[in-house]
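Please read the structure below before turning to the comments.
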Amino acid sequence: MQKLTVVKMCMVGREQPPYPLVKRLARGSSSYVWTAVHEAFLIFAPWSNSMRIDILSAVPRLLDSWFSESILQRAQQKGLAEVKVHDLRVWSTDKHRRLDDYPFGGGAGMVMTIDPIHRAITELRSQRQYNEVIYLSPDGEMLGQSLANQLSTKGNLILLCGHYKGVDERVREHLITREVSIGDYVLSGGELAAAVLSDAVIRLLPGVLGDETSALSDSFQDGLVAPPDYTRPADYQGWKVPDILLSGHQANIDAWRHQQALDRTRQRRPDLLDSTDSDPQTTFN
Ligand code: ADE
């Protein structure tokens, strides 16, 4: 049976980190070629300097544990990323440090006022340049792997978390450069969405993950879901690891994994294969 692997490299020229492309170039090649390509990538990658994310929130405590634990803390300790969570109330001039007010025209719920947000963004912007000022909102652009890739190439980001009914529309019109949603459901605030976005982006920064290649084998990174993984024991009470993974034949293992990824994608996420945005390598038998 002849196998033909079609490699579509249409990511070239798009605003994405070259991870998927590098992965494709390195796929099937020996690990020292991969290492050399990746090393060069780390040296020349302009975004390999520390990334800075400033999060503006009415409830900053919600985010404390998220950024003081896990891989995000390691990224900060290694100096690869810096995340600062700011309490928006600091910029409120109201005597009770309120951040919200009644909506003009009536209706239920409160609206976040523009002034504290404007002051906060203006102050941050006077300290450094930001590539994007992102408002987390359920009606924003959907966060997917390609947007995470794209944002990981940006130096500095401001993330604004909404609360109550949301923000005064003039914030969106004049202060925000991008709006991002993490799914078609409404959360009670943008904090979880900011944490999700930060995690998805920071783990892509070179050096953040212990094993540099592991972000590359994530689901979605090449338009496919990830193939299955196994670890010891090879036989657990009669439930066995596929023989191919124990064969030591790397080319066959790579081919098996790729086929598994394709089969799984067809089964679980056929939309990824149809999507013009996805860019899978397709194997024809
Ligand atoms: N704020 C409330 N719901 C949200 C969502 N689904 N995505 C991003 N921000 C949100």
Side-chain angles (χ1 to χ4, degrees), residues 15-16 51-67 69-72 81 83-92 98-105 107-118 120-121 124 130-154 156-204 218-220 269 271-272 275 277-278:
E15 201 187 354
Q16 305 231 17
M51 171 175 221
R52 164 108 182 184
I53 300 182
D54 287 273
I55 303 180
L56 298 174
S57 164
V59 203
R61 283 186 323 280
L62 284 178
L63 290 166
D64 285 352
S65 69
W66 187 258
F67 291 108
E69 305 282 340
S70 78
I71 212 156
L72 299 183
V83 181
K84 285 265 180 282
V85 184
H86 304 272
D87 186 347
L88 265 175
R89 284 173 213 281
V90 166
W91 287 281
S92 171
R98 290 185 63 141
L99 294 171
D100 59 338
D101 209 336
Y102 295 97
F104 279 125
M110 303 295 275
V111 177
M112 285 177 80
T113 56
I114 189 169
D115 188 58
I117 296 171
H118 187 206
I121 292 174
L124 292 176
Y130 287 91
N131 304 76
E132 299 278 7
V133 181
I134 297 174
Y135 174 52
L136 284 312
S137 170
D139 59 1
E141 170 186 4
M142 195 65 75
L143 178 65
Q145 193 60 50
S146 77
L147 179 55
N149 289 345
Q150 206 183 107
L151 293 175
S152 75
T153 69
K154 314 266 182 183
N156 302 320
L157 305 176
I158 294 176
L159 306 184
L160 172 64
C161 305
H163 258 270
Y164 320 112
K165 254 165 95 78
V167 292
D168 185 309
E169 189 62 21
R170 289 165 293 185
V171 170
R172 302 173 78 156
E173 284 167 4
H174 301 290
L175 303 176
I176 295 299
T177 61
R178 195 158 198 160
E179 305 190 358
V180 175
S181 164
I182 63 162
D184 285 338
Y185 40 80
V186 180
L187 301 164
S188 39
E191 283 75 12
L192 280 173
V196 167
L197 187 151
S198 305
D199 188 311
V201 167
I202 289 174
R203 68 192 298 287
L204 293 172
D218 286 343
S219 279
F220 311 117
R269 294 294 306 274
D271 56 302
L272 292 178
S275 151
D277 196 36
S278 73

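In listed order, ligands and their atoms are each counted from 1.
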Requested in this report: Show the numbers, then the answer: is there a side-chain contact (heavy atoms from CB on, under 4.5 Å) between Arg178 and Leu147?
Outcome: CA-CA 11 Å; Arg178 195 158 198 160; Leu147 179 55; 3.3 Å; yes
**Report entry** Positive for side chain to side chain donor-acceptor pair (under 3.5 Å) with Ser57, one of Glu191, Arg89, His86
**Finding:** Glu191
Report summary line: The side chain to side chain contact (heavy atoms under 4.5 Å, CB included) partners of Phe104 (sequence neighbours excluded) come to none
Query raised in the report: Quick check: does any side chain N or O of Asn131 sit under 3.5 Å from a backbone N or O of Asn156, one acting as donor and the other as acceptor?
Result: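 Yes; judged by distance alone, with no hydrogens or angles, the pair exists.
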Requested in this report: Would you confirm whether Thr113, through its side chain, and Leu99, through its main-chain N or O, come within 3.5 Å as a donor-acceptor pair?
Outcome: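 Yes: the side chain of Thr113 pairs with the backbone of Leu99.
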Query - Neighbour count above 12 (heavy atom, 6.0 Å) for Asp184 CG - result: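 Atom CG in Asp184 is not crowded, with 12 or fewer foreign heavy atoms closer than 6.0 Å.
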What are the polar N/O contacts of ligand 1 with the protein below 3.5 Å, with distances?
residue	atom	partner	partner atom	Å
ligand 1	3 (N)	Leu187	N	2.9
ligand 1	6 (N)	Gly183	O	3.1
ligand 1	6 (N)	Tyr185	O	2.7
ligand 1	7 (N)	Ile182	N	3.0
ligand 1	9 (N)	Ser137	N	3.2

